[in-house]
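Please read the structure below before turning to the comments.
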Amino acid sequence: MTTGFQHFWIDHALLPDGWARQVRLAARDGRIVEVTPGQRPGPEDIRVEVAVPGLGNLHSHAFQRAMAGLTEATSAGAVAAGGDSFWSWRELMYRFQDRLDPDSFQAIAEQAYVEMLEVGFTRVGEFHYLHHAPDGRPYADPAEMCARVAAAAQASGIGLTLLPVFYAHADFGGVPPSPAQRRMLHDLDGFTRLLERAGDALAPLGDAVLGVAPHSLRAVTPGELAALLPLTEGPIHLHIAEQLREVQACLDWSGQRPVQWLLEHAPVDARWCLVHATHVEPAELQGIVEAGAVVGLCPITEANLGDGIFPMRDFARAGGRFGVGSDSNVLIDAAEELRLLEYGQRLVSRGRNVLAQGEGVSSGRWLFDGALRGAVQALGVAGGLQAGASADLVALDLRHPALQAREGDAWLDGWIFAARQGAVRDVWRQGRHVVRDGQHLQRAGVAKRYAAALAHLLS
Ligand code: ZN
């Protein structure tokens, strides 16, 4: 965080009500206090050509960045099992997470967060479930790994909404957990203590938010879910309906589909983020819209894991709220999450510009605005370039070929659909300059620690 007053002068700024020219933005202690278009720059102002608000990444498992690209070969037994799947990937992921200690975990998280900032994600919702030592016993500080997430956020500068995960069962109906899940498990008393200590670990960050994540309807019983909700006033996130096998198991257990069950048995409202919600029927979709919950879409990971495609076109038409997350972090790219979200819908509907609502609306602008709003809601913060929000600014590089000779929403379309890398030039987070000329200022040191951790883990 930058302490004291600072001023930005932005020639073109994307404000909550649209593009504005010659905007003077005042921040105090990293928080925006005033935004005024049509101003002359002051002599000390930080000058920016084009600035958009930092985007929230509403779903991440940071440590999985270190196994990105390592599960792209067919696994032993895959042919006999009908091919690789989310479930065979999960077995590999469990084996990988068994090797992590707090130091390697933190080094990986720092690398993931640096990469997020470089693509314009300025806050992350860390859906954090790797709590215990490799033998399954709690660390001396039960929130040791939560503290390491906080330390990685501090080192990189990214905003953190920490979502400690409660995980107790292997499947619907309270099935006992498997040995591979031993690092993730709590009873309710233990989890309550974890949350208290996690809150302490977040205090130095200034604007961190603490929520709760019941992992999924597989991993919690209805009684546990009800007991978890009063433990937080922050956001509530859970994985839901990601896989057809999970939908069938929920039907076998309850006679209802996962989203249907949740909407009928839990007080789902605007505090909730339903991560994936891939397999939903129209009535479930409408129920999510009416509850005001955010659907957390992770298009790159959902494609990588072969989850399926969320019916986003129908959800958009109904006014549903959504955001995007990098989830497994197999590839960290804010623009590509939005691009793939739109492209998936174009492929299944055989149309173009299918999500933007209204005539003459830019797809890039519609995707960006929607993802910004959804992430702000799901991560429990104020957002956008307006008073009260964190001074999180992303400057686009007008020298990039995909951004030249255009203006306004066409910059967003160029960034999201045409730019590959390099469209994000600078990033300020809480007023602190964290990315300059496309590179995070701590990139070299973080990459060195990451390389050392990987060499140890994969040897
Ligand atoms: Zn996830």
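Counting convention: from 1, in listed order, for ligands and their atoms alike. Just so you know, these numbers use all the heavy atoms, side chains as well, and skip hydrogens, waters and symmetry mates.
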Donor + acceptor pair across side chains of [X], [Y] (<3.5 Å):
X	Y	answer
Gln377	Arg321	yes
Asn329	Ser60	yes
Thr74	Asp84	no

What is the name of the N/O/S atom of [X] that is nearest to the Zn ion (ligand 1)?
X	value
His59	NE2
Asp327	OD1
His239	NE2

- Message: Is it the case that the side chain of Arg183 and the backbone of His132 share a donor-acceptor pair, with hydrogens and angles ignored and the cut-off at 3.5 Å?
- Response: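 Confirmed, Arg183 side chain pairs with His132 backbone.
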- Task: State whether His276 contributes an N/O/S atom found under 2.8 Å from the Zn ion (ligand 1).
- Result: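 No N, O or S atom of His276 is closer than 2.8 Å to the Zn ion (ligand 1), so no.
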